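If you're wondering where the values come from, they're calculated on a predicted model, not measured in any experiment.
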Amino acid sequence: GPAADWYALGELIVEILKGSVRLGQRSLRELVAAKLETVVTEPPLPGPIAAETPTWTRLWSLGWALLARRPEDRPAGPEILARLGDVPEEADFAEPPELIGREAELATLREAFTRAQRGAASVVLLEGPSGIGKSAILQHFFTEVRAEHGGIALVARSSERESIPHKAVDAIVDALAVLIAERPGLGDGLSVRGMDAAGRLFPALRSALSASADLSALLNPVEERRLGFQAIGDLLASVRRRQPLVLGLDDLQWADVDSMQLVEALLARTPAIGLVIVGTLRTGAAARGDAVKRLDSALAGLPGVASWRLTVEPLPEATTRALATAVLGTQSPALLDRVVRESSGSPFYTLELARFVHRAHGELPEVALDAVIGERLARLTDADRRLLRAVALGSGRLSRRVAVRASALGDSSRKVLTRLRAEALVRTSGAGVQLVLETCHDRIREVAVGQLREDERTVLHRAIATELAREPAA
């Protein structure tokens, strides 16, 4: 588990700074015995290293703390960040578990995954109001697919503020382009016309497939779309032959019809791609828009595709209490009662109220959710707020490079991002130059954007547009 991982990190830190193996060369039996019997005490840091910088001293102490014999004595996430100076210790509070409850929804998702492993396509739609935990269920399931099955999970999120073609699947195709670059042979066997059509539909695929951008080669729009969609399906089928594959379509209430046409083409393929598509959508009129209607119609006409539409209900009282207790502890049952009562089973509202109570030293005035989030954002440093606002104004999703440059953060960006992640305001996906920042919830994005004056919004929009224009794929 995590405690063993932290122990291994401790061994690595000490070995690097010491310049030699901590317990020397021994047989496996002798090594295990030594680890069980030796009392771990922190020796002085080697002189030449200690003289260089205080950072090495902090890292040395952390390494030895991670070697504590009892797992419960080893520091974990927030404490490690605090020891390294990335997160102020006074901002720490208990980290909530990744997911509490939702066994029924996860069971359905696992059933869909099992079916897909037999070669059939499956679709699961999670519907419910904002803050009920739809995206959390999706993220938990995808983490499970990666960790337990070695699968590939590609996620895209639609935004109300975006008007680009295929916006509901654009991030998935971007990630697919990265996979092609990382895995030679993934695009073997595609027709030249198919590659060119896919590259014109999705510019991110153009360089990955060495596709032509020559507009004189355009076919009629219907044939162009058919060939492009077929090429993307061939690429996903190639990925699926190597590993399990799941696709996530978050916030489908803002999706476009073009994206649903691609989804329909993927589901209608013969032979089928054995993949799972998981979509989330808000309850309400927006969820009955043209894109969702198109998807519903497609599913009704594809009897070979198993589909489920699940209504994500509020958490039961006992589960809500367990979630609030994970953050606040059990010192004040009366306060826990209020948090449970006022959150009405919404996981997002429960966590926001619990964090508010933590910072208000046990007080919970009568306030609305937006005010609770606004109070939390007001406590951020100027740099933290600038990065969060850039991500929020960028439709809640921006590459790290664009967000950092638009925020004019410079060298402080790593610590700013660490703090925003620790505060559960921003999450990340991808790695390296492909690292993408997203607001953890649409409500956070809405409040952050709402705090901007019109002139601030204009300036930040211009900065984001400028940085997007500098990107290679622009």
Side-chain angles (χ1 to χ4, degrees), residues 91 93 96 128-136 139 157-162 250-251 253-254 280-284 286-287 314 323-324 327 338-339 342-360 363-398 400 402-404 406-407 409 416-429 436-461 463-464:
F93 52 85
S130 175
I132 207 65
K134 306 179 297 294
S135 298
Q139 293 293 340
R157 185 169 72 171
S158 302
S159 171
E160 181 183 13
R161 295 173 178 269
E162 281 186 329
D250 212 356
D251 282 338
Q253 71 275 4
W254 310 127
T280 72
L281 63 156
R282 286 189 196 176
T283 304
L323 184 58
V327 175
R338 265 197 75 192
V339 170
E342 296 193 19
S343 63
S344 301
S346 163
F348 179 69
Y349 203 174
T350 301
L351 290 175
E352 287 299 317
L353 287 174
R355 291 186 178 106
F356 185 91
V357 168
H358 175 84
R359 288 175 172 80
E363 297 180 3
L364 182 57
E366 298 292 338
V367 287
L369 176 58
D370 284 0
V372 170
I373 299 173
E375 187 273 344
R376 189 146 73 94
L377 301 191
R379 291 175 175 266
L380 297 175
T381 68
D382 177 65
D384 294 0
R385 197 157 39 243
R386 292 208 313 270
L387 183 59
L388 176 63
R389 286 175 171 178
V391 176
L393 200 59
S395 299
R397 188 178 192 275
L398 275 182
R400 177 180 177 174
V402 169
V404 167
S407 308
L409 288 180
V416 170
L417 180 55
T418 298
R419 289 193 295 267
L420 291 178
R421 290 179 63 184
E423 288 280 351
L425 294 170
V426 167
R427 61 174 176 246
T428 60
S429 59
V436 172
L437 313 184
E438 296 181 89
T439 50
C440 282
H441 195 276
D442 227 23
R443 201 70 170 266
I444 292 171
R445 178 188 64 78
E446 291 166 2
V447 173
V449 171
Q451 289 181 340
L452 288 166
R453 300 191 310 270
E454 191 61 37
D455 60 319
E456 292 175 324
R457 192 176 303 189
T458 300
V459 170
L460 188 51
H461 260 309
I464 293 171

- Check for a donor-acceptor pair, side chain of Arg427 on one end and backbone N or O of Cys440 on the other, with a separation under 3.5 Å. yes

- Can you name the nearest heavy-atom pair linking Ala392 to Ala448, along with the distance? CB-CB, 3.8 Å

- Item | For Gly131 against Ser346, the heavy-atom pair lying closest together | O-OG, 2.9 Å

- Item | Straight-line distance of Asp250 CG to Leu281 CG, nearest 0.5 Å | 10.0 Å

- Identify, with sequence neighbours excluded, every residue that meets side chain to side chain donor-acceptor pair (under 3.5 Å) alongside Arg385. none

- Message: As a quick check of understanding, evaluate side-chain contact (heavy atoms from CB on, under 4.5 Å) for Leu425 and Leu377, giving each step before the final call.
- Response: CA-CA 9 Å; Leu425 294 170; Leu377 301 191; 3.8 Å; yes

- Rounded to the nearest 0.5 angstrom, the OG1-CG distance for Thr439 and Leu437 is 10.0 Å

- Task: Return the minimal non-hydrogen interatomic distance between Arg386 and Leu409, and the atom names on each side.
- Result: NH2-CD2, 3.3 Å

- Message: Going by the rule side chain to side chain donor-acceptor pair (under 3.5 Å), which residues pair with Arg443 if we only count those two or more places apart in sequence or in a different chain?
- Response: Asp370

- Query: Who are the side-chain contact (heavy atoms from CB on, under 4.5 Å) partners of Thr381, not counting sequence neighbours?
  - Reply: Ala383, Asp384, Arg419

- Message: So, using side-chain contact (heavy atoms from CB on, under 4.5 Å) as the criterion, who are the partners of Arg421 when residues are at least two apart?
- Response: Leu417, Thr428

- Note on the structure: Taken in chain and number order and not counting sequence neighbours, the residues that satisfy side chain to side chain donor-acceptor pair (under 3.5 Å) with Ser407 are none

- Can you check side-chain contact (heavy atoms from CB on, under 4.5 Å) on Leu393 and His461, steps first, answer last? CA-CA 7 Å; Leu393 200 59; His461 260 309; 3.8 Å; yes

- Any idea which heavy atoms bring Leu398 and Ala390 closest together, and the distance? CD1-O, 3.3 Å

- Message: Give me the atom names and distance for the closest heavy-atom approach of Gln451 to Glu456.
- Response: O-OE1, 4.2 Å

- Can you measure from CZ (Phe348) to CG (Leu353) and round to the nearest 0.5 angstrom? 10.0 Å

- Message: Among Thr350, Leu323, Leu351, exactly one meets side-chain contact (heavy atoms from CB on, under 4.5 Å) together with Val339. Which residue is that?
- Response: Thr350

- Nearest heavy-atom contact between Arg282 and Ser130 is NE-CB, 3.9 Å

- Item | Lys134 side-chain N/O to Pro129 backbone N/O, donor-acceptor pair under 3.5 Å | yes

- Query: Residues in salt bridge (Lys or Arg N to Asp or Glu O under 4.0 Å) with Arg157, at least two apart?
  - Reply: Glu438

- Task: Kindly write out the residues that satisfy side-chain contact (heavy atoms from CB on, under 4.5 Å) with Ser158, not counting sequence neighbours, or none if the list is empty.
- Result: Ala168, Trp254, Ala255

- Query: Hey, does the side chain of Arg389 reach the backbone of Leu452 with a donor-acceptor pair shorter than 3.5 angstrom?
  - Reply: no

